[in-house]
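Data block below; observations after.
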Amino acid sequence: MQHRIPRQASGDIPWPPSGDLPGLRPGGADADTALGAALAAVVSGARRRAVRDGDRQIDTAHLLHSLLEHDAEARAALGDGPQLARLLGYLVQRSIGYGLRWQSTVEDSGAVPVVTEAAGFSPPAAASLEYARARAERRGGTGARGTDLLAALVVDPGARAVEVLGRAGVDPAAVLSRVDSHVEPTS
């Protein structure tokens, strides 16, 4: 079966990630630790947002919203003020507008097998977290950064985060290009 998700331009981080995703459990403490301090607040914020929205799992749109609230570098990679304001507006409307059709459903982009049990994260969200870790390791970093997670969120064209970006007029390929152009070289 051919995946709908392209490999990243550098070609050395597989998408979707293979193998199990250690630490991605409903409690989330292991996932927070594995991602590092920089993204612990992002994951915690996404978890609170999912609970408040009545969703069974954290999905990529929850991660995107929380990432934009907590990480200035990720916000800067999205472009100018009006575009960012429009994107945040769509994310806020999620619980009262078009996001209601997602409520209590599992996000499935087709890139990874659907997990029907409550694993804490939708399959695309779990894969995005693993992909962010892989980017950080490739870079030689000690933990994933917000821009690693942003890159992971935009490479899956079937993810809810990408749907929201599209509605706000944000080109995911341009975001990935901006993120990749600012990657620190490996030490």
Side-chain angles (χ1 to χ4, degrees), residues 3-9 15-17 39 41-115 119-132 135 144-182:
H3 294 291
R4 298 183 309 190
I5 310 303
R7 292 193 184 272
Q8 183 172 349
W15 185 266
L39 293 184
V42 171
V43 173
S44 293
R47 187 176 301 114
R48 283 189 303 275
R49 190 170 304 287
V51 168
R52 186 182 62 233
D53 290 349
D55 294 329
R56 294 186 313 172
Q57 296 178 323
I58 297 168
D59 66 24
T60 58
H62 293 124
L63 287 171
L64 177 63
H65 196 163
S66 186
L67 178 63
L68 296 178
E69 289 177 337
H70 290 92
D71 191 285
E73 193 175 4
R75 281 191 307 273
L78 288 168
D80 64 6
Q83 195 172 34
L84 181 58
R86 190 169 41 251
L87 174 58
L88 288 170
Y90 279 112
L91 287 165
V92 168
Q93 290 176 9
R94 175 192 166 111
S95 62
I96 59 172
Y98 66 88
L100 288 177
R101 65 186 163 89
W102 293 337
Q103 198 167 27
S104 300
T105 62
V106 174
E107 177 182 27
D108 175 24
S109 69
V112 292
V114 172
V115 178
F121 295 87
S122 70
S128 292
L129 293 170
E130 184 61 29
Y131 188 85
R135 278 182 62 94
R145 292 191 219 149
T147 52
D148 294 321
L149 180 55
L150 181 59
L153 292 171
V154 301
V155 298
D156 183 350
R160 290 178 181 169
V162 170
E163 180 180 337
V164 172
L165 288 167
R167 289 179 181 265
V170 177
D171 178 16
V175 172
L176 184 59
S177 177
R178 282 192 294 272
V179 168
D180 283 344
S181 68
H182 291 95

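Being a predicted model, the structure only gives us computed values, none of them experimental.
Nearest heavy atom pair, residue A74 against residue T147, reads N-CG2, 4.2 Å. Shown here for A132 and A152, the closest heavy-atom pair between the two residues is N-CB, 4.0 Å. Between S66 and A41, the closest heavy-atom pair is OG-O, 3.9 Å. A pairwise comparison of heavy atoms in V155 and P157 identifies O-CD, 3.1 Å as the closest pair. Nearest heavy atoms, L91 versus A61: CD2-O, 3.8 Å. When every heavy atom of V175 is checked against every heavy atom of V170, the shortest pair comes out as CG2-CG1, 3.5 Å.
Taking CG of L165 as the reference point, atom CD of Q83 lies at 9.0 Å (rounded to 0.5 Å). To the nearest 0.5 Å, atom CZ of residue R47 and atom CZ of residue F121 are 5.5 Å apart.
Not a single donor-acceptor pair under 3.5 Å links the side chain of S177 to the backbone N or O of A173.
Between H62 and the options R49, Q57, R160, a side-chain contact (heavy atoms from CB on, under 4.5 Å) holds for only R49.
Two residues are said to be in side-chain contact when any heavy atoms from C-beta on lie closer than 4.5 Å; V162 and L64 fail this criterion. Inter-residue side-chain proximity for T60 and V164 is flagged as unmet; no heavy-atom pair is nearer than 4.5 Å. Inter-residue side-chain proximity for L129 and V43 is flagged as met; some heavy-atom pair is nearer than 4.5 Å. Looking only at side-chain heavy atoms (C-beta outward), D180 and R135 come within less than 4.5 Å of each other. Using a 4.5 Å heavy-atom cutoff, the side chains of D148 and L39 are not in contact.
Ion pair R178/D171 not flagged as a salt bridge, since none of the NZ, NE, NH1 or NH2 atoms sits closer than 4.0 Å to an Asp/Glu carboxylate oxygen.
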Audit row: L153, L67, side-chain contact (heavy atoms from CB on, under 4.5 Å) steps and yes/no
CA-CA 10 Å; L153 292 171; L67 178 63; 4.3 Å; yes

